[in-house]
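Structure first, commentary second.
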There are 2 protein chains.
Amino acid sequence: MRRDSRLSRMLHVLIHMDRIDGAATSDQIAQMLGTNPVVVRRTMAGLRDDGYLHSEKGHGGGWVLTRPLSEITMLDIHRAIGNPAFFAVGVAVDHPECLVEQAVNSALGSAFEAAEKLLIEKFASVTLADLADEFDQRMAKIADKPTCELSR
Amino acid sequence: MRRDSRLSRMLHVLIHMDRIDGAATSDQIAQMLGTNPVVVRRTMAGLRDDGYLHSEKGHGGGWVLTRPLSEITMLDIHRAIGNPAFFAVGVAVDHPECLVEQAVNSALGSAFEAAEKLLIEKFASVTLADLADEFDQRMAKIADKPTCELSR
DNA sequence: CATCTCGCAACAACAAAAGTTTCGAATTCC
DNA sequence: GGAATTCGAAACTTTTGTTGTTGCGAGATG
């Protein structure tokens with residue numbers, strides 16, 4: 001099963017964007033992510049719709065953050081990219097009326113529910129500012145390491 | 001992202017198999033799951049290799065449980081079908097050297113690690129006998145409901 | 001020896017993310 | 001006003017992994 005990397009990528013991009021002046025174009029971001037501008041627009045459209053980004057057309061246009069990182073949580077970004085399912089394992093519904101299937105799915109469901117609750121709590125508790133701080137700490141330890149294109 | 005339903009299906013099948021006499025053929029199981037015998041053999045091969053099932057060829061052959069349900073946990077079955085990834089969301093590794101990416105992936109990774117730990121603990125703590133008991137309780141409440149093909 | 005049944009390999013179908021192409025429309029610069 | 005920049009959106013292809021299918025072989029039973 002292919003893993004959805006949008007959340008990871010968006011978090012990465014947003015922290016970089018906070019460190020640069022002016023707008024970042026879809027092209028620049030795409031190069032940074034090793035992808036292409038259309039994919040960037042597609043993914044970031046959700047963040048714009050949810051009010052975390054603003055996009056501007058034309059010369060000097062591109063994407064800009066509209067909120068401080070301290071006001072954006074990892075959960076916010078997950079929601080903004082469309083609340084994709086966390087789990088790759090699902091329950092079968094071949095016989096919804098079958099009591100065995102119901103018992104199995106109830107057990108599986110409650111396990112996944114608890115795990116999802118934990119994930120959501122954790123995601124809601126971490127702001128992008130926290131991640132930026134974590135970056136600064138790593139930076140302090142290993143002084144002159146490169147980051148990536150956008151922040152060079 | 002397509003959800004992997006093998007775990008759910010195998011749990012379902014094993015509990016039914018415990019309630020019937022003799023062997024269940026791949027064909028019977030396939031009909032019960034709404035799939036086909038080759039898929040059944042493919043999935044159940046792992047359970048056989050791990051010692052939970054035995055398969056026999058020829059007339060009267062098929063699949064039989066080789067252990068009591070009380071000695072099989074949900075985690076055992078997850079392992080037996082190949083330890084498929086629990087999560088549909090992954091981390092991007094576009095710039096392994098980028099400290100921002102490292103900070104992001106560290107936060108994501110620790111969240112998923114904690115959630116996975118919870119899942120594994122839960123799965124390890126529930127035996128198929130527990131699920132069968134749960135089934136019996138449901139059965140007691142709603143008396144004359146059908147189950148599925150195998151147990152009719 | 002005919003039939004049943006699993007084992008295995010190869011291939012097709014399908015789903016979802018990711019990548020690509022190609023428009024159009026809005027904005028800025030000259 | 002015209003050229004260049006940049007996003008927006010639709011349509012399509014590629015990719016990856018599960019699921020489904022077909023076909024043949026081998027062992028077991030009657």
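Labels below follow one simple rule: chain letters A, B, ... track the order of the sequence lines, proteins then strands, and each chain is numbered from 1. What's counted below: heavy atoms across the whole structure, side chains too, no hydrogens, waters or symmetry copies.
- Regarding contacts with the backbone of D:dT5, every side-chain N or O of A:Thr25 stays at 4.0 angstrom or more from both OP1 and OP2.
- One finds a side-chain N or O of B:Ser55 lying less than 4.0 angstrom from the OP1 or OP2 phosphate oxygen of C:dG7.
- For D:dG20, one of the phosphate oxygens OP1 or OP2 lies less than 4.0 angstrom from a side-chain nitrogen or oxygen of B:Thr35.
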Derivation and outcome, salt bridge (Lys or Arg N to Asp or Glu O under 4.0 Å), residues B:Asp94 and A:Arg9: CA-CA 9 Å; B:Asp94 303 314; A:Arg9 284 180 157 182; 3.2 Å; yes
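- Under the 4.5 Å side-chain contact rule for hydrophobic residues, A:Val64 and A:Met10 do not share a cluster.
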Criterion side-chain contact (heavy atoms from CB on, under 4.5 Å) on A:Ile81 and A:Thr43, from CA distance to verdict: CA-CA 6 Å; A:Ile81 60 180; A:Thr43 311; 4.0 Å; yes
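- Residues A:Ser5 and B:Gly62 both approach DNA chain C. Their nearest nucleotides, taken by heavy-atom distance, put B:Gly62 toward the 5′ side.
- For the pair B:Asp27 and A:Arg6, nearest-nucleotide mapping onto DNA chain C gives the more 5' position to B:Asp27.
- You'll find the side chain of A:Leu33 reaches within 4.5 Å of the side chain of A:Val13, heavy atoms only.
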Starting at the 5' end of nucleotides 25-30 of chain C, put B wherever the base has a protein heavy atom under 4.0 Å, S where only the sugar-phosphate does, and a dash everywhere else. -BBBS-
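- Side-chain atoms of B:Trp63 and B:Thr25 include no donor-acceptor pair closer than 3.5 Å.
- If you measure from atom CG of A:Leu53 to atom P of D:dC7, you get 12 Å, rounded to the nearest angstrom.
- Going from atom CD1 of A:Ile29 over to atom P of C:dA18 covers 16 Å, rounded to whole Å.
- The stretch residues 36-48 of chain A touches DNA chain C through A:Asn36, A:Val38, A:Val39, A:Arg42, each having a heavy atom under 4.0 angstrom from the strand.
- Counting side-chain heavy-atom gaps under 4.5 Å among Ile, Leu, Val, Met, Phe, Trp and Tyr, the cluster of A:Leu118 also holds B:Leu118.
- Salt bridge status for A:Arg19 with A:Asp136: present, with a side-chain N to carboxylate O gap under 4.0 Å.
- One distance of note links CZ of B:Phe86 with CZ of A:Phe86; it measures 16.0 Å at 0.5 Å rounding.
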